[in-house]
Amino acid sequence: MLDLKQIRKDSAAVQAKLNLRSGSYDLQPILDLDGQQRNLETERSQLQARSNEIGKLVGQTIKGGGDPKGPEVAALKTEGNEVKQKLGELEPRERELKVQINDLLLRLPNLPGDSAPEGENEEDNVEVSRWGDENKPTGEKLLPHWELGEKLGIFNFERSTKIAQSRFVTLLGAGAALERALISFMLDRQIAAGYTEVIPPYLVNSDSLTATGQLPKFAEDGFKCADDDLWLTPTAEVPLVNLYRDEIIDVDQLPIAHCAHTPCFRREAGSYGRDTRGLIRLHQFNKVELVKVVSPDTSEEEHEKLVRNAEEILEALKLPYRKVELCTGDLGFGAAKCYDLEVWLPSADTYREISSCSNCNDFQARRGNIRCKVPGKKGTQFVHTLNGSGLAVGRTMAAVLENYQQANGSVKIPEVLQPYMGGKEVI
RNA sequence: GGAGAGAUGGCAGAGUGGUUGAAUGCGCUUGUCUCGAAAACAAGUAUAGGGAAACCUAUCGGGGGUUCGAAUCCCCCUCUCUCCGCCA
């Protein structure tokens, strides 16, 4: 959420920043409602002050031996009733305005950071670095991972539709083992890098989704439980950030770094026909997520470190990848700055996103009221939150299958994973 | 699912209609004392909104109501705990 004070004070600059994003956003309705609300608030609080005064006067009069039924008290009560009636008109109007303003604010995306490259869409993203070109497999007929997987019998899409529907997968045998190996490997690496592992609830409530930014704007992307205010989590970012919602954290507790494996559930509304085959776009997928809660003045360097932690997984797996910085038009809703890591998929002859590492600065902290306190300093300030995939497990599996395939149709298991698969070297 | 109890400041814990934003203790900050520390003593110590400021307003789990006036009374909701039932 953006700071209403900043919008009020510097609306032109805020508007200009918003205009760099895709989609159009107009601050004027917020400014109008805000002006109305503040006028009402001034009026209301003056009446309230008089009402409080009357209450005290009545109390004093009676305590001082005055007649509770006397004319003096009666006059005050009459005035009190008049004030109350006026308040009864103003209060609901002001409350309604506040709700409207808040709803509009919740639908505004974060401002792109100053360093984010300007651009309209993913084509304007800037490649920052590239790694592992020499590992790219060469050969005549490189198969896509879904063909490799079906041939090896390690996963099955068709039967999954019986259990659920399309865009679900069932992993079998070595496929299940490989998925589990990847999860354990990724977690072990991140734990070694200093992240504390978390196993959070996989169902999250709407307050949590509002704090991280999925609600109210992206409700159609989530799976909601019909009888409860609970949703299947779309990413572990939601429970991990919300661990600290409505809390004031001592600054010496920061930075907080968590990693978690969770399944993630997404409706993928609006993506019909895209990536319909394979492990790339499913309604349920595993992900190891990295989340940091940091002090505002360290968020940039912590962000760089977090991206490195994700990159190290790809490098350990010897998977070719590149790192791109998202342009302002491609930036996610809550992000001020974002790096995507894209892994090489030889069958498609292209790089595909496998990790997205965002610095949300105080955007989520404001929505979730997550603050820190610097000892000796008055007041509190909002923390910064960072998140990144470390990595998307299904897509990693796809990349491993495609990049480690051999001419005879088998797939080598990356060296670092072999200990996690009982020493097995080939599928 | 059934029955009961509870939710107050960073923490513990008073407070059942009237100058209570809230006693007291702990914690924290500052000062006195001390070579220094501890102890003792004194003062201070919530958050948010509005206002140039003085200051005003809101907040005792959330929402609504009664009243001139609500932490306190009434209604609804949420959450926590205990017992019973069911259950991995």
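Letters go in sequence order (proteins before strands), and every chain restarts at 1.
- Taking only side-chain atoms of A:Ala49, from C-beta outward, the nucleotide of B:C56, B:G64, B:C68 with the closest atom is B:C56.
- For the pair A:Asp34 and A:Arg8, the salt-bridge criterion is met [side-chain N within less than 4.0 Å of a carboxylate O].
- In this structure, B:U59 forms a base pair with B:A46, meeting either the Watson-Crick or the G-U wobble geometry with both donor-acceptor distances under 3.5 Å.
- Which of B:G18, B:G50, B:G69 sits closest to the side chain of A:Ser51 comes down to B:G69.
- Between A:Asn52 and B:C56, a side-chain N or O to OP1/OP2 separation shorter than 4.0 Å is absent.
- B:G21 is unpaired under the criterion used here, namely a Watson-Crick or G-U wobble arrangement in which both key atom distances are under 3.5 Å.
- One atom, CD of A:Glu43, and another, C1' of B:C56, lie 15 Å apart when rounded to the nearest Å.
- Taking atom CD of residue A:Glu247 and atom P of nucleotide B:U47, one finds them 16 Å apart after rounding to whole Å.
- Classified by interplanar angle (parallel below 30°, tilted 30° to 60°, perpendicular above 60°), the ring pair A:Tyr420/A:Phe185 is perpendicular.
- Look at A:Gln48 and you'll find a side-chain N or O under 4.0 angstrom from OP1 or OP2 of B:A58.
- Atom-to-atom, NZ of A:Lys98 to P of B:A48 comes out at 14 Å; the value is rounded to the nearest Å.
- Considering OG of A:Ser389 and CG of A:Leu391, their distance stands at 7.0 Å, rounded to 0.5 Å.
- B:U82 sits 23 Å from B:C77 when the P atoms are compared, rounded to a whole Å.
- Separating the CZ atom of A:Arg95 from the P atom of B:A48 is a distance of 22 Å, rounded to the nearest angstrom.
- Rounded to whole Å, the distance from CD on A:Glu82 to C1' on B:G69 is 16 Å.
- A donor-acceptor pair under 3.5 Å links the side-chain atoms of A:Arg21 to the main chain of A:Gly332, judged by distance alone.
- Residue A:Glu72 qualifies as open at atom CD: its count of foreign heavy atoms under 6.0 Å is 12 or below.
- The residue among A:Lys5 and A:Gly59 whose nearest nucleotide of RNA chain B lies closer to the 5′ end is A:Gly59.
- In the set B:U47, B:G18, B:C68, the nucleotide with an atom closest to the side chain of A:Arg371 is B:U47.
- The 5' end of RNA chain B is approached more closely, in terms of each residue's nearest nucleotide, by A:Arg50 than by the other of A:Lys84 and A:Arg50.
- Taking atom P in both B:C68 and B:C79, the straight-line distance is 36 Å, to the nearest Å.
- Aromatic ring centres of A:Tyr202 and A:Phe265 lie farther apart than the 6.0 Å criterion allows.
- Taking atom C1' in both B:A5 and B:G9, one finds a spacing of 23 Å when rounded to whole Å.
- Under the Watson-Crick and G-U wobble criteria, each requiring two contacts below 3.5 Å, nucleotide B:U67 is left unpaired.
- Base contact: A:Glu41 has a heavy atom under 4.0 Å from a base atom.
- A straight line from CG of A:Leu4 to C1' of B:G50 spans 12 Å, rounded to a whole angstrom.
- Look at B:A14: it lacks any Watson-Crick or wobble partner with both distances under 3.5 angstrom.
- You'll find that the side chain of A:Ser45 is closest to B:U57, out of B:U57, B:U19, B:C68.
- Across all strands shown, A:Leu57 has no heavy atoms under 4.0 Å from either base or sugar-phosphate atoms.
- Closest approach to the A:Arg38 side chain among B:C56, B:G50, B:C68 is made by B:G50 (side chain taken as heavy atoms from C-beta onward).
- For B:U67 and B:G44, the C1' atoms lie 37 Å apart once the distance is rounded to whole Å.
- When rounded to the nearest whole Å, the span between CG of A:Leu90 and C1' of B:A58 equals 15 Å.
- Only the C1' atoms considered, B:C75 is 25 Å distant from B:U20, to the nearest whole Å.
- When rounded to the nearest whole Å, the span between CG of A:Asp207 and C1' of B:C77 equals 14 Å.
- When the P atom is used for both B:U78 and B:A39, the distance is 48 Å, rounded to whole Å.
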Return a table of donor-acceptor pairs under 3.5 angstrom between the side chains of residues 85-94 of chain A and protein atoms on other chains or two or more places apart.
from	atom 1	to	atom 2	distance (Å)
A:Glu94	OE1	A:Arg44	NH1	2.6
A:Glu94	OE2	A:Gln37	NE2	2.9
A:Glu94	OE2	A:Arg44	NH1	3.2

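- In this structure, B:C79 and B:G6 make a Watson-Crick or G-U wobble pair, each of the two defining distances being under 3.5 angstrom.
- Nucleotides B:A58 and B:A3, compared at atom C1', are 38 Å apart to the nearest Å.
- B:A40: Watson-Crick or G-U partner is B:U32, with both key distances under 3.5 Å.
- Distance noted for atom C1' between B:U57 and B:A7: 26 Å (whole Å).
- Note that CD of A:Gln6 is 10.5 Å distant from NZ of A:Lys17, once rounded to the nearest 0.5 Å.
- In this structure, B:G1 forms a base pair with B:C84, meeting either the Watson-Crick or the G-U wobble geometry with both donor-acceptor distances under 3.5 Å.
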